[in-house]
Amino acid sequence: MSHELPKAYDPSEIEERWADTWVRERLFDVAADSAAHASSASFTELLPPPNVTGRLHMGHMLNHTEMDILTRWHRMRGDLTVWVPGTDHAGIATQMMVERQLASEGTSRESLGRVAFEQRVWQWKELYGGAILDQMKRLGASVDWSREYFTMDERLSRAVKEAFVRLYEQGLIYRGAYIVNWDPSAKTAVSDLEVVHEERAGKIYHIRYPLADGSGSIIVATTRPETMLGDTAVCVNPADERYTALHGKRVRLPLSGVHGGPDREIPIVTDDWAKPEFGTGAVKVTPAHDPNDFGIGQRHQLPSLSILDESAHVALPGSAYHGLERYTARERILEDLKALDLLVEVKDHTLSIGTSQRTGVVIEPRLSMQWFLKIEPLAEKAIRAVEEGHIRFTPDQYRKTYDEWMHNIHDWCISRQLWWGHRIPAWHCACGQLTVARETPAACAACGSTAISQETDVLDTWFSSGLLPFTVFGWPEKSLDRDRLYPTQLLVTGFDILFFWVARMIMLGCHFMLEEPMADGSPRTLADSVPFREVYIHGLVRDADRQKMSKTKGNVIDPISVIERFGTDAVRFTLASMASPGTDIAFSEERTDGYRAFANKIWNAARFVFMQAQRAQEAGVAIHLASLPAALQAGLDEPLETRWILTRLHQTAGTVEQALGNYRFDEAANAIYQFFWGELCDWYIEIVKLRLEFGEGADLAAAGRALHTLLAVLEAALRLLSPFMPFITEEIWHALWSLCGAPAAPAKSIALTRYPQPADASADPASVAAMEQLQQMIVAIRAARKESGVPEKEAVPVRIFGAEDVVTLTQANTGLLARLARVSEVSYASAALTGEGTRSTAHFDIAVVYERQIDVAAERERLTKELAKLEKGLAAAEKQLGNEAFMAKAPAHIIEGLRKQSAETKMLYDKTRAAMDALPTL
RNA sequence: GGGCGGUUAGCUCAGUUGGUUAGAGCGCCUGCCUUACAAGCAGGAUGUCGGGGGUUCGAGUCCCUCACUGCCCA
């Protein structure tokens with residue numbers, strides 16, 4: 001009993017079934033020892049770990065589609081292929097999520113306490129953390145689930161601790177009070193990268209500060225008047241002559257008195273940072289709340305006065321503003337300044353404001369004690385790794401972006417004041433000693449006190465994810481995985497995490513792995529220390545109008561819902577076909593609909609082939625599926641269409657091979673699309689119908705050969721397509737192998753078969769030229785028929801004029817002309833054909849013999865247009881050929897080509913002219 | 001302010017080191033239910049390659065400039 005495909009293509013049923021099967025059968029797991037012994041090339045990829053709180057969006061879908069195409073391609077080429085999935089604990093995001101949940105229950109993390117809160121987050125993770133990976137399975141991602149990780153896993157946590165301690169021991173981690181970006185909502189420091197700068201309309205205020213000696217005043221300009229409570233100086237440019245007389249004087253800072261005491265006196269200092277042309281040329285200096293002012297403060301030994309607490313409320317006991325939120329404080333201060341007549345001017349001003357990437361609130365620069373990673377020694381190696389070509393970027397332009405950033409990098413603030421994350425392995429003692437250790441110490445290393453407490457800060461999430469390329473393979477332990485799978489081959493990601501993640505992995509990978517010997521014990525070079533050898537950066541998925549998707553705009557496309565409507569295969573193919581390196585993707589449903597139609601086309605082509613196989617078997621023709629590889633090799637005695645389709649398969653495999661090697665998903669997808677639909681379905685299947693004659697007296701041997709070619713080409717085309725459309729190809733492929741009732745497919749999955757290589761199919765370039773000639777002729781006849789008003793079904797006689805090769809070709813393929821162009825009879829003319837119902841090319845003329853009148857006016861219009869076009873081409877060619885410089889300098893093949901083309905154009909022009917003249921005048 | 005892209009058919013995009021008369025999909029127009037597929041088949045229309053200048057025998061492709069537009073960094 002042969003496997004029958006249902007008449008209707010229904011992706012949802014097929015896809016869910018196979019997605020489950022692939023995971024259940026663990027098809028893409030690679031055992032560690034098989035990895036060690038494999039002699040083939042390895043292809044390892046790390047999935048950019050989605051946040052455990054995440055939901056799949058179109059960006060993931062693009063990323064996963066591209067990675068999966070490459071993974072499946074490499075696997076089918078026989079490489080040792082490992083794609084490692086996992087999720088990121090996502091410090092702030094997850095903590096916020098759980099805190100929100102707690103709030104809805106009327107409680108908070110503070111009332112729960114740290115330990116209980118952490119437990120609560122783990123519970124949350126167990127319940128909801130798998131959502132995004134479940135969604136991934138629906139995409140068909142062929143990952144190695146046996147290697148799945150979570151960044152807070154015991155094993156990875158140990159590695160994180162080890163990395164931290166080593167960096168500390170190497171003097172690369174230090175702790176200190178600096179101005180950091182403070183998120184007053186999450187109440188934690190964040191790194192420079194987590195601050196999003198945006199332009200906002202604001203105001204600049206000119207405020208008069210009276211001189212302490214009563215001799216006058218100085219006017220400072222500021223966009224943040226509330227910070228004046230923390231001013232410890234006023235600064236002017238030393239070269240600014242307006243203020244020379246004030247150098248060294250002091251001002252009395254308005255509103256700064258506490259407990260009814262006097263206002264503070266602060267000095268006027270000179271520093272180049274004050275720009276004479278900005279505002280009044282005099283700026284207030286608030287070292288505790290502005291990074292630039294902090295610099296001035298350090299240069300002039302000014303005190304730092306913190307006046308805002310961790311939630312950005314004024315913290316200045318005894319002050320009238322104590323306890324006010326920062327913007328309320330601003331209003332009150334402005335009112336009071338006005339009342340004192342100290343607010344000189346208020347002007348509109350566009351200011352660049354930093355907001356928190358996670359919470360969206362305005363970042364408050366704040367002086368606080370934090371842990372930093374000294375970045376320059378790491379950056380140096382990371383720069384060199386790319387410079388020396390150990391890591392290649394595609395598109396190449398990102399190399400420059402990377403380089404630029406790496407050269408202007410600042411120390412990385414790695415501590416976060418959160419409860420969810422890798423807690424920093426450092427212990428404080430009352431004696432002031434800090435103990436950094438791999439294992440929890442029993443006592444203070446300096447004074448022996450057991451009253452030590454662990455640092456409350458946790459590490460930036462990106463610190464642990466930056467280590468992943470080696471920690472997932474077991475670092476710091478030695479392991480087979482590490483020897484065999486590091487460095488990974490490729491990283492596929494969006495540019496948005498180029499700095500967050502890609503750059504950090506490079507720095508940390510080069511730093512840590514350089515110390516690790518190779519599998520054979522030899523020292524590792526920088527080339528083998530890199531976390532990956534290639535980085536492919538894809539664009540953004542936008543909506544159909546090229547708008548960025550955002551929740552506020554309400555134009556977010558949910559991949560799962562699109563998948564439900566069109567099928568995963570169609571969505572994958574859409575993304576692949578539009579994924580041209582360096583460009584964003586405007587995701588359109590119309591286009592997706594088109595690729596669902598493509599899937600449907602494939603489905604029906606398969607149904608057709610299977611029906612033919614059934615017919616053949618009923619007629620007693622045996623089908624030998626084992627002979628399919630041999631059927632891809634055709635001798636010159638095979639029919640033209642056989643040699644042609646095999647040649648095209650050969651060429652298409654080559655195009656796809658090259659395209660995928662260059663990350664040209666679009667070219668690869670389009671080549672397969674064109675081959676499958678435009679050639680296999682539109683031409684080959686139509687032609688082969690002629691051969692599939694299993695009736696009485698038919699040539700069953702020839703029909704059997706044609707059927708085997710058809711089966712072989714279909715089977716190869718499915719393999720070619722399977723990385724792009726894994727589900728439908730899997731379904732049809734299995735159906736194909738059960739055709740003869742022999743249920744043994746050569747593999748558990750099409751994904752575990754061999755990817756078609758050009759040499760798998762024989763190539764006969766002459767067949768392509770001949771076939772093109774025939775195609776042109778058929779198209780010409782169809783057009784002429786239409787123009788003469790021949791009903792679709794009616795067969796008509798055709799006259800042909802052409803050289804001997806044309807005659808030979810048509811004579812050998814009359815059946816083909818009859819079937820595809822409904823030609824009842826061919827006769828040959830001895831002279832060029834003109835007149836009604838005629839079509840000409842440079843090589844032949846055809847005329848349909850049909851008595852009905854054609855639309856002379858329309859025909860005249862068509863010919864006129866045609867003539868104009870030919871004339872233009874002819875003129876251009878003649879001008880070129882008449883150009884002595886061109887003739888002298890252009891390469892021979894160009895000249896030759898142009899000559900040939902010019903001659904053909906001339907011939908066609910004459911024919912068209914004649915056809916025009918032959919039209920009856922009105 | 002510094003840097004990097006983009007501008008090609010109605011729409012979304014290709015166009016390899018400059019080389020013959022610029023392509024695809026969708027959409028549009030016309031005719032067909034030809035039993036694998038109407039989610040289809042066949043035929044057809046559509047471009048001063050953003051403007052200007054330059055290099056070259058030859059420019060969509062290289063250079064300069066202007067305009068518009070997007071992004072990154074400060």
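Order of the sequence lines fixes the chain letters, A, B, ..., with proteins taken first and strands second; residue numbering starts at 1 for each chain. Both backbone and side-chain heavy atoms feed into the values below; hydrogens, waters and symmetry mates do not.
Tested against A/Trp683 for a side chain to side chain contact (heavy atoms under 4.5 Å, CB included), the candidates A/Ile645, A/Val688, A/Leu820 yield a single pass: A/Leu820. Each of A/Trp405, A/Trp462, A/Trp412 was scored for a ring-ring contact (aromatic ring centres under 6.0 Å, His included) with A/Phe500, with one residue passing: A/Trp462.
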Requested in this report: Any chance you could lay out the ring-ring contact (aromatic ring centres under 6.0 Å, His included) test for A/Phe495 and A/Tyr402, step after step, and finish with the verdict?
Outcome: CA-CA 10 Å; A/Phe495 67 86; A/Tyr402 166 88; over 10 Å; no
Query raised in the report: What's the verdict on side-chain contact (heavy atoms from CB on, under 4.5 Å) for A/Val656 and A/Phe675, showing C-alpha distance, side-chain angles and the deciding distance?
Result: CA-CA 11 Å; A/Val656 171; A/Phe675 174 74; over 6 Å; no
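Nearer the 5' end of RNA chain B, as judged by each residue's closest nucleotide, is the contact made by A/Arg899, out of A/Arg899 and A/His410. For the pair A/Val779 and A/Arg591, both in contact range of RNA chain B, the more 5′-proximal nearest nucleotide belongs to A/Arg591.
Taking atom P in both B/G52 and B/U17, the straight-line distance is 26 Å, to the nearest Å. Nucleotides B/U16 and B/G53, compared at atom P, are 25 Å apart to the nearest Å. Nucleotides B/C64 and B/A59 place their C1' atoms 15 Å apart, quoted to the nearest Å. Comparing B/C63 with B/C71, their P atoms sit 25 Å apart, to the nearest whole Å. Comparing B/U12 with B/C28, their C1' atoms are spaced 16 Å from each other, to the whole Å. Here, B/G40 and B/C26 have their P atoms 8 Å apart, quoted to the whole Å. Distance noted for atom C1' between B/U48 and B/A39: 39 Å (whole Å). Nucleotides B/U8 and B/G51, compared at atom C1', are 15 Å apart to the nearest Å.
Between the CD atom of A/Glu590 and the P atom of B/G25 there is a distance of 16 Å, rounded to whole Å. For the pair A/Gln658 CD and B/U17 P, the interatomic distance rounds to 12 Å; values are reported in whole Å. Between A/Phe587 atom CZ and B/C11 atom C1' the separation is 15 Å, expressed in whole Å. Rounded to whole angstrom, the span from the CG atom of A/Asn670 across to the P atom of B/U12 amounts to 17 Å. The separation between A/Leu575 atom CG and B/C26 atom P is 17 Å, rounded to whole Å. Distance CD (A/Glu679) to P (B/A24): 13 Å, rounded to an integer number of Å. Across the protein-nucleic acid pair, A/Arg785 atom CZ and B/G44 atom P stand 14 Å apart, rounded to whole Å. Taking atom CG of A/Leu193 as the reference point, atom P of B/C72 lies 12 Å away to the nearest angstrom.
For A/Arg399, the CZ atom sits in a loose shell: 12 or fewer heavy atoms of surrounding residues, nucleotides or ligands are nearer than 6.0 Å.
Sorted by first then second residue, the salt bridge (charged side-chain N to carboxylate O under 4.0 Å, His left out) pairs that include residues 601-612 of chain A, not counting sequence neighbours, number zero.
Judged as a side-chain contact (heavy atoms from CB on, under 4.5 Å), and not counting sequence neighbours, the contacts of A/Arg591 are A/Thr574, A/Ser577, A/Met578, A/Ser588, A/Tyr595. With sequence neighbours excluded, the residues satisfying side-chain contact (heavy atoms from CB on, under 4.5 Å) with A/Arg899 are A/Leu881, A/Met887, A/Ile895, A/Glu896.
Put simply, the side chain of A/Thr355 does not reach to within 4.5 Å of the side chain of A/Val195, judged on heavy atoms.
Judged purely by distance below 3.5 Å, without hydrogens or angles, the side chains of A/Ser191 and A/Glu194 pair a donor atom with an acceptor atom. No side-chain donor-acceptor contact under 3.5 Å links A/Glu866 and A/Thr912. Checked by atom type, the side-chain pair A/Asp10/A/Ser12 shows a donor-acceptor distance below 3.5 Å.
The listed nucleotides are B/C72, B/G19, B/A14; the one nearest the side chain of A/Ser580 is B/A14. Of the candidate nucleotides B/G19, B/U56, B/A74, B/A74 has the atom lying nearest to any side-chain atom of A/His197.
Heavy atoms of A/Arg664 sit under 4.0 angstrom from primed sugar atoms or phosphate atoms, though from no base atom. A/Ser588 comes within 4.0 angstrom of nothing in the nucleic acid, heavy atoms only. Contact annotation for A/Pro891: base contact, defined as any heavy-atom pair under 4.0 Å involving a base atom.
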Shorter than 3.5 Å, N or O on both sides, protein versus nucleotides 3-9 of chain B: list them out with atom names.
residue	atom	partner	partner atom	Å
B/C4	OP1	A/Lys400	NZ	3.3

Report task. Scan nucleotides 31-39 of chain B nucleotide by nucleotide, 5' to 3', and note B when protein non-hydrogen atoms come under 4.0 Å of the base, S if they reach only the sugar-phosphate, - if neither. Result -> BS-S-BB-B
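Base-pairing analysis of RNA chain B finds the following stems of at least three consecutive Watson-Crick or G-U pairs, with both pairing distances under 3.5 Å: B:1-7 with B:67-73, B:10-13 with B:23-26, B:28-32 with B:40-44, B:50-54 with B:62-66.
In terms of modelled atom types and a separation under 3.5 Å, the side chain of A/Arg664 and the main chain of A/Pro581 share no donor-acceptor contact.
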